[in-house]
Amino acid sequence: MSFGSPYVTLPRFSYLRPRSLDEAFEALEGGNAKVMAGGIGLLNFMKERLLAPSVVIDIKGIPELSGIRLSGDVRIGAAVRLVELEENRSLELIAPTLYRAVRQIADPIIRSSATLVGDVCEAIPWTDGPTALAALDASASVVSKNGERKVKVADLVQGLGQLAIDENEIVKEITFSSGYKKGTYVKFSNASEYALASVAVAYSPESGIARVSVGSLAEKPQVFTLEDAGTSPDEEVSAMIRKVSSYIESGLSAVDDILGSAEFKKQVAKALIIKAFKEVF
Amino acid sequence: MREIRLRINGIERELHVEDNETLLEALRNRAGVTSVKAACWRGECGLCTVLLNGRPVKSCSTLAVEADGKTVETAEGLYFDKRAKGLMESFVRNGATQCGFCTPAFVVASHALLLRNPKAEDEDIKEGLKGLICRCGTYVNMMRAVKEARQYYADGKQTA
Ligand SMILES: Cc1cc2nc3c(=O)[nH]c(=O)nc-3n(C[C@H](O)[C@H](O)[C@H](O)COP(=O)(O)OP(=O)(O)OC[C@H]3O[C@@H](n4cnc5c(N)ncnc54)[C@H](O)[C@@H]3O)c2cc1C
Ligand code: FES
Ligand code: FES
């Protein structure tokens, strides 16, 4: 084994495992520090020398960041690994959109280390977590020693590697309404596990509102809302699909990237819409 | 350097590791556990998979310091587990290894899979082993081996 070569080994850093948020804030004050949750993304970036923090702050030992709450609004702590979500069958009933997205992230072994919040904070346009959470209109609680603020997950990821939080801030948890009892997540990938296009649908039978989020086409998920979606006769579902498809064609932006051309990605998204709507309505 | 204590395959060990050392490096270079293979170093091939506190993780994407106070199981130790030994023999019977480089990881991941779901069907096995790559392409035989090994896990008891 070769020691010290990029792509294989990690640059030097000191590892800290704070026991409280305050301890973590203090560690962040020192500068050139990075938060680590599952480490799945962070360690790869560091091996590639895209990041070389002098301090790595492992947040998994902070009690406030653990736990899933399903009563009232759904709350998912930043230290919650994807496997914990997947093993929570009640989540499947309360938020099928997220549950199905989680089951399609990477593979089960990665999911036993990686966190949902880490999937968001990595800020990669092709990840599944942000797309599903944007459909659910989820918010992130962002904390620092100056207090707490809420940001929509849809506004958190601004583009590749661009996360709308400051260097001294930590995402503490993600919350969303438990009203979106119906929904799904469908994705299409070719060469990599990352989605070339993905569609999340979150539907609240009570209000008749459906939120649709299309991932991977551009720098961040694009969300739109359908009023009176309802579970309706087949002809109406077909009409809804036609409407949404033409909206994807004309109303959404798409960029060429390493996974595919803008035009190809749009066509795939339209096919995914049909699949998703047939599952939900 | 930092001292970590962990139980590797049932044996208490103290290892001196660097903060920037992965569990993969610590296991191979310091603990002499060489069934754990290094290939992609970035979480893609799964050949560095070990059980950390009973859960499969990719050791190239885990820091050694994170294993402090935990248990690590690899193919070396699983040989002494009756069920996993049956699983390994089933791999041999079904010709589920070619060059053998990926075999320890597939055994570890299949063991974890069968402990959780002793009735695993084709789809469960495909999903459970999705994070591992066999460059020799022994997947068909591996599928047969894992299914045949379900008999050893049928009583549902956990590993010692
Ligand atoms: C082989 C492979 C396949 C993959 N396939 C998929 C896929 O199909 N779909 C998909 O969506 N993703 C996929 N991923 C990405 C993977 O899901 C993410 O890397 C992982 O979820 C990140 O979570 P983590 O807990 O490991 O975060 P870490 O690696 O610990 O952190 C990632 C980044 O987020 C920051 N961060 C983490 N937590 C916080 C926090 N609480 N506050 C502020 N910043 C924070 C870190 O500083 C770091 O920059 C894949 C990754 C690999 C290696
Ligand atoms: S070496 Fe760890 S996943 Fe490939
Ligand atoms: S048997 Fe050779 S890599 Fe799997």
Side-chain angles (χ1 to χ4, degrees), chain A residues 1-17 34 36-61 79 81-84 86-87 103-114 118 122 189 191-194, chain B residues 1-2 4 17-30 34 36-66 68-69 105-106 108-110 112-113 116-117 124-133:
Chain A
M1 273 207 276
S2 49
F3 269 112
S5 42
Y7 304 108
V8 170
T9 55
L10 292 159
R12 289 199 166 272
F13 59 84
S14 356
Y15 171 84
L16 296 178
R17 195 179 166 93
K34 268 280 171 193
M36 179 178 97
I40 294 296
L42 180 69
L43 299 182
N44 279 351
F45 278 94
M46 289 172 64
K47 284 176 193 158
E48 286 166 21
R49 303 301 190 266
L50 295 170
L51 290 173
S54 46
V55 177
V56 168
I57 306 169
D58 183 348
I59 56 171
K60 292 191 293 293
R81 293 160 305 145
L82 295 167
V83 67
E84 297 172 63
E86 191 175 354
E87 286 174 356
R103 297 258 312 167
Q104 293 175 62
I105 295 178
D107 64 68
I109 303 178
I110 295 272
R111 296 200 293 270
S112 57
S113 300
E122 196 163 274
S189 342
S192 116
E193 253 138 345
Y194 288 116
Chain B
M1 281 280 184
R2 187 191 286 266
I4 59 168
V17 300
E18 301 285 356
D19 283 8
N20 68 334
E21 193 168 326
T22 58
L23 181 57
L24 169 62
E25 292 164 290
L27 286 172
R28 285 186 61 90
N29 300 342
R30 303 200 193 269
T34 52
V36 182
K37 302 300 181 204
C40 74
W41 296 91
R42 46 173 302 118
E44 276 164 19
C45 73
L47 302 193
C48 63
T49 300
V50 302
L51 300 184
L52 186 62
N53 276 358
R55 275 202 193 279
V57 299
K58 299 188 180 180
S59 62
C60 70
S61 300
T62 308
L63 295 177
V65 289
E66 289 183 80
D68 192 15
F106 270 99
V108 168
S110 308
L113 169 78
R116 281 190 50 218
N117 182 6
D124 308 313
I125 296 169
K126 271 191 210 163
E127 167 66 16
L129 302 181
K130 191 179 154 196
L132 282 71
I133 293 172

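In what follows, every chain begins at residue 1, and chains take the letters A, B, ... in the order their sequences are listed.
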A:Glu193 and B:Glu44: side chain to side chain contact (heavy atoms under 4.5 Å, CB included), yes or no, with the steps? CA-CA 10 Å; A:Glu193 253 138 345; B:Glu44 276 164 19; 5.6 Å; no

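- Taking every heavy atom of both residues into account, B:Val57 and A:Ser112 meet most closely at CG1-OG, 4.1 Å.
- Contacts of A:Lys60 classified as salt bridge (Lys or Arg N to Asp or Glu O under 4.0 Å), with partners at least two apart in sequence or in another chain: A:Asp58, B:Glu66.
- Interface residue A:Leu43: only side-chain heavy atoms are found under 4.5 Å from chain B.
- When all heavy atoms of A:Met36 and B:Leu63 are compared, the pair lying nearest together is CE-CD1, 3.9 Å.
- Only the side chain of B:Leu132 comes within contact range of chain A, with at least one heavy atom under 4.5 Å from a heavy atom of that chain.
- Residues passing the side-chain contact (heavy atoms from CB on, under 4.5 Å) test with B:Asp19 are A:Phe13, A:Ser14, A:Tyr15, B:Arg2, B:Val65, sequence neighbours excluded.
- By number of non-hydrogen pairs under 4.5 angstrom with chain A, the leading residue of B:Cys60, B:Cys40, B:Gly46 is B:Cys60.
- Between B:Glu25 and A:Lys47 there is no salt bridge, since no side-chain nitrogen of the basic residue lies less than 4.0 Å from a carboxylate oxygen of the acidic one.
- Each of B:Thr62, B:Asn20, B:Leu113 has some count of heavy-atom pairs under 4.5 Å with chain A, and the biggest count is that of B:Asn20.
- Between A:Arg111 and B:Glu127 a salt bridge is recorded (basic side-chain N to carboxylate O distance below 4.0 Å).
- The shortest distance between side-chain heavy atoms of B:Glu18 and A:Thr9 does not fall below 4.5 Å.
- Here CG of A:Asp107 is found 10.0 Å from CG of B:Leu129. Values are rounded to the nearest 0.5 Å.
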Step by step, work out the salt bridge (Lys or Arg N to Asp or Glu O under 4.0 Å) result for A:Glu87 and B:Arg55. CA-CA 13 Å; A:Glu87 286 174 356; B:Arg55 275 202 193 279; 3.2 Å; yes

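- For B:Lys130 (side chain) and A:Ala106 (main-chain N/O), a donor-acceptor pair under 3.5 Å exists by modelled atom type.
- When all heavy atoms are compared, the tightest approach of A:Tyr7 to B:Trp41 is O-CB, 3.7 Å.
- Tested against B:Arg42 for a side chain to side chain contact (heavy atoms under 4.5 Å, CB included), the candidates A:Asn44, A:Ile40, A:Val8 yield a single pass: A:Asn44.
- Taking chain A as the reference chain and counting heavy-atom pairs below 4.5 Å, the highest number among B:Ala112, B:Gly131, B:Gly43, B:Gly128 is found for B:Gly131.
- By number of non-hydrogen pairs under 4.5 angstrom with chain B, the leading residue of A:Glu48, A:Arg17, A:Arg103, A:Met46 is A:Glu48.
- For a residue to count as touching a neighbouring chain, one of its non-hydrogen atoms must lie under 4.5 Å from one of that chain's; by this rule B:Ala109 touches chain A with the side chain only.
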